[in-house]
There are 2 protein chains.
Amino acid sequence: MIEYSSQPHYLVAVDCIVFGFDGAHLKILLVKRGLEPEINKWSLMGGFVGSNESPDDAANRVLKKMTGLEGVYLEQMQIYGEPKRDPIERTLSVGYFALIDIHKYETQLNDDYKAEWFLIGERPKLIFDHDQMVADARKKLRYKASLHPILFEMLPKQFTLPQLQNLFEEVNDTKIDTRNFSRKITSTGLLIKLEEKDRSSSKKGAFYFKLDKKKYKADFQAFLNLIPNLKN
Amino acid sequence: MIEYSSQPHYLVAVDCIVFGFDGAHLKILLVKRGLEPEINKWSLMGGFVGSNESPDDAANRVLKKMTGLEGVYLEQMQIYGEPKRDPIERTLSVGYFALIDIHKYETQLNDDYKAEWFLIGERPKLIFDHDQMVADARKKLRYKASLHPILFEMLPKQFTLPQLQNLFEEVNDTKIDTRNFSRKITSTGLLIKLEEKDRSSSKKGAFYFKLDKKKYKADFQAFLNLIPNLKN
DNA sequence: TTATTAATTGTCAAAATGACAATTAATAAT
DNA sequence: ATTATTAATTGTCATTTTGACAATTAATAA
């Protein structure tokens with residue numbers, strides 16, 4: 001029997017940076033850690049990779065278990081593998097960022113896990129290297145969202161242009177000219193204008209739009225350029 | 001003593017897809033595997049992650065050991081973690097792609113490892129999921145090189161515009177208009193024209209250029225757009 | 001002197017960009 | 001009923017960038 005004699009073995013985990021958008025601000029979903037060490041401290045949603053699953057499987061499983069959601073937009077970010085990152089035992093963690101529609105989550109809420117949305121700027125300090133993971137995820141989100149239309153994953157089925165622009169502004173931490181943004185986003189052909197208006201945020205009301213899903217899938221790899229003077 | 005009771009532990013490895021450019025064609029560096037199973041089959045350069053190193057450290061160590069080169073451009077790609085990907089024992093592998101100046105390597109060549117450059121289109125079949133890794137690496141290289149000036153990492157200190165254009169064409173598997181390419185690459189301000197000419201490939205000779213390293217470092221995150229009608 | 005070969009350079013119309021503020025649709029106030 | 005207020009929506013223009021196109025140049029070979 002062949003074997004890889006005496007090579008060290010490690011725990012392998014996944015951690016998910018879950019982003020959401022409430023219509024005005026970018027949020028992140030955190031949970032109170034359920035095991036020692038650092039039990040009851042805020043942390044990312046995570047778990048160990050089981051014997052019969054890939055890290056991608058594990059990330060999906062963790063998200064399903066903690067939020068009830070399936071088919072979430074999930075993207076592998078990078079591996080965190082400094083020898084001392086977990087004080088108990090060497091654990092390598094694969095970081096994922098997830099984009100979810102915050103409204104879907106609320107209806108699926110399950111109280112087995114103490115999960116809570118935080119404004120991205122008002123989140124508590126996290127355990128281990130999770131703060132670094134969040135910083136990396138924000139950077140990657142910004143990068144990716146500058147090039148591909150992934151931010152729609154955080155919006156409900158119907159959304160308004162001002163909401164969409166707010167989301168872009170939040171993610172990129174910048175202000176965008178309304179006229180130019182409107183022109184560009186319209187020219188992608190990704191949006192379908194609806195009859196109805198959202199009157200909750202203004203007297204005039206803002207027209208709802210929905211995503212052209214066929215176009216979205218076909219053009220996903222095409223590049224956007226919605227952020228002027230982009231320097232990542 | 002706290003511990004993560006009974007969670008499974010796995011081997012963790014790194015595998016490097018090493019790209020080079022001979023002035024005309026894109027190449028990949030492969031080695032004959034030195035351990036069972038699949039001993040003496042062609043594979044990527046890889047190794048296990050040791051107890052006191054991160055995966056990034058391990059990738060650098062492997063590259064140093066097998067090519068003699070340090071400070072190589074190395075980028076984490078993704079983790080490969082299907083439960084059955086290694087037939088002997090569960091092993092997760094972190095894939096890296098590396099860009100090296102093929103000429104530097106030749107002078108550093110060390111015969112302890114049977115390494116060989118292959119034209120990207122004429123490489124042998126590789127072990128395990130390494131063919132998939134190569135496919136993923138090519139895709140990522142193409143993507144990244146469309147946006148950032150990483151291809152200079154594969155060129156010698158002095159290079160000509162035709163060489164540079166060849167490299168872009170190889171990576172993107174497309175033809176680029178000489179005039180437009182020249183205009184764009186010049187407008188980045190990344191190139192410094194030298195006095196000397198390379199007369200090896202034509203009667204007229206082509207002027208050498210070198211990279212403006214200060215500008216390169218400063219603008220690395222800035223976006224290029226050298227490939228027209230880019231759809232990744 | 002001419003032929004050959006590859007490197008280098010220029011023009012132009014169309015599209016995209018960025019900077020800029022007026023108009024519109026609705027409700028609230030007078 | 002008219003006016004004020006608020007946020008949504010839309011338009012212009014000069015500049016830059018893009019993509020499509022081929023002529024010229026510098027060297028050696030014939």
Side-chain angles (χ1 to χ4, degrees), chain A residues 23-25 146-147 149 155 158-170 172 174-210 219 222-232, chain B residues 23-25 146-147 149 155 158-170 172 174-210 219 222-232:
Chain A
H25 295 291
S146 304
L147 299 168
L155 288 170
Q158 300 192 150
F159 51 87
T160 66
L161 279 190
Q163 279 167 15
L164 184 59
Q165 182 172 342
N166 276 345
L167 178 49
F168 271 90
E169 290 178 340
E170 278 281 307
N172 286 90
T174 186
K175 283 287 172 189
I176 307 176
D177 180 88
T178 317
R179 294 156 285 189
N180 294 340
F181 180 79
S182 170
R183 173 179 7 118
K184 284 191 182 184
I185 200 74
T186 300
S187 78
T188 63
L190 287 168
L191 298 186
I192 298 173
K193 190 173 189 171
L194 304 177
E195 300 291 316
E196 203 186 340
K197 274 186 168 184
D198 167 31
R199 301 180 190 277
S200 67
S201 62
S202 79
K203 297 164 193 168
K204 182 175 176 179
F207 280 104
Y208 278 119
F209 288 79
K210 68 175 181 181
D219 289 8
F223 292 153
L224 294 180
N225 184 13
L226 296 168
I227 311 302
N229 302 318
L230 185 59
K231 297 274 187 295
N232 260 280
Chain B
H25 295 291
S146 304
L147 299 168
L155 289 169
Q158 299 193 150
F159 51 87
T160 67
L161 279 189
Q163 279 168 15
L164 183 60
Q165 182 173 342
N166 276 345
L167 178 49
F168 271 90
E169 290 179 338
E170 278 281 307
N172 286 87
T174 186
K175 283 286 172 188
I176 307 175
D177 181 88
T178 317
R179 294 156 286 189
N180 294 340
F181 180 80
S182 169
R183 185 204 327 141
K184 284 191 181 183
I185 200 73
T186 300
S187 78
T188 64
L190 287 168
L191 299 186
I192 298 173
K193 191 173 188 171
L194 303 178
E195 300 292 315
E196 203 186 341
K197 273 185 169 183
D198 167 31
R199 302 180 189 276
S200 67
S201 61
S202 80
K203 296 164 193 166
K204 181 175 177 180
F207 280 104
Y208 278 120
F209 289 79
K210 67 176 182 181
D219 289 8
F223 291 154
L224 293 182
N225 184 14
L226 296 168
I227 312 301
N229 302 318
L230 185 59
K231 297 275 185 296
N232 261 283

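Predicted model, so just to flag it, every value in this text is computed and none were measured. Per chain, numbering begins at 1; letters A, B, ... match sequence-line order.
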Legend entry - First encountered from the 5' end of DNA chain D, between A/Ser182 and B/Gly205: A/Ser182
Legend entry - Residue whose nearest DNA chain D nucleotide is more 5′ - A/Ser202 or B/Arg179: A/Ser202
Could you check which of [options] has an atom nearest any side-chain atom of [X]?
| X | options | answer |
| --- | --- | --- |
| B/Ser201 | C/dG10, D/dA8, C/dA7 | C/dA7 |
| B/Arg183 | D/dA20, C/dG18, C/dT8 | D/dA20 |
| B/Phe207 | C/dT17, D/dG19, C/dT8 | C/dT8 |
| B/Lys184 | D/dG19, C/dA19, C/dT8 | D/dG19 |

Inset, instruction - Answer yes or no: side-chain N or O of A/Lys204 and base N or O of D/dA8 forming a donor-acceptor pair under 3.5 Å. - result: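 Between D/dA8 and A/Lys204, which were checked side chain against base, a qualifying N/O pair under 3.5 Å is present.
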Inset, instruction - Decide yes or no, distance alone: a donor-acceptor N/O pair under 3.5 angstrom between the base of C/dT4 and the side-chain of B/Lys203. - result: yes
Legend entry - N or O in side chain of B/Lys197 less than 4.0 angstrom from D/dA27 OP1/OP2: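 Answer yes for this pair, as a side-chain N or O of B/Lys197 is under 4.0 Å from OP1 or OP2.
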Inset, instruction - Would you please confirm or rule out a distance under 4.0 Å between OP1 or OP2 of C/dT9 and any side-chain N or O of B/Lys193? - result: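 Yes, within the criterion.
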Who does [N] pair with, Watson-Crick or G-U, both distances under 3.5 Å?
| N | answer |
| --- | --- |
| D/dT2 | C/dA29 |
| D/dC13 | C/dG18 |
| D/dA27 | C/dT4 |

Inset, instruction - Give a yes or no on whether the ring-centroid distance for A/Phe159 and A/Phe209 is below 6.0 angstrom. - result: no
Legend entry - Interatomic distance, A/Lys193 atom NZ to A/Glu196 atom CD [nearest 0.5 angstrom]: 13.5 Å
Inset, instruction - Write down the distance between CZ (A/Arg199) and C1' (C/dT24), rounded to a whole number of angstrom. - result: 14 Å
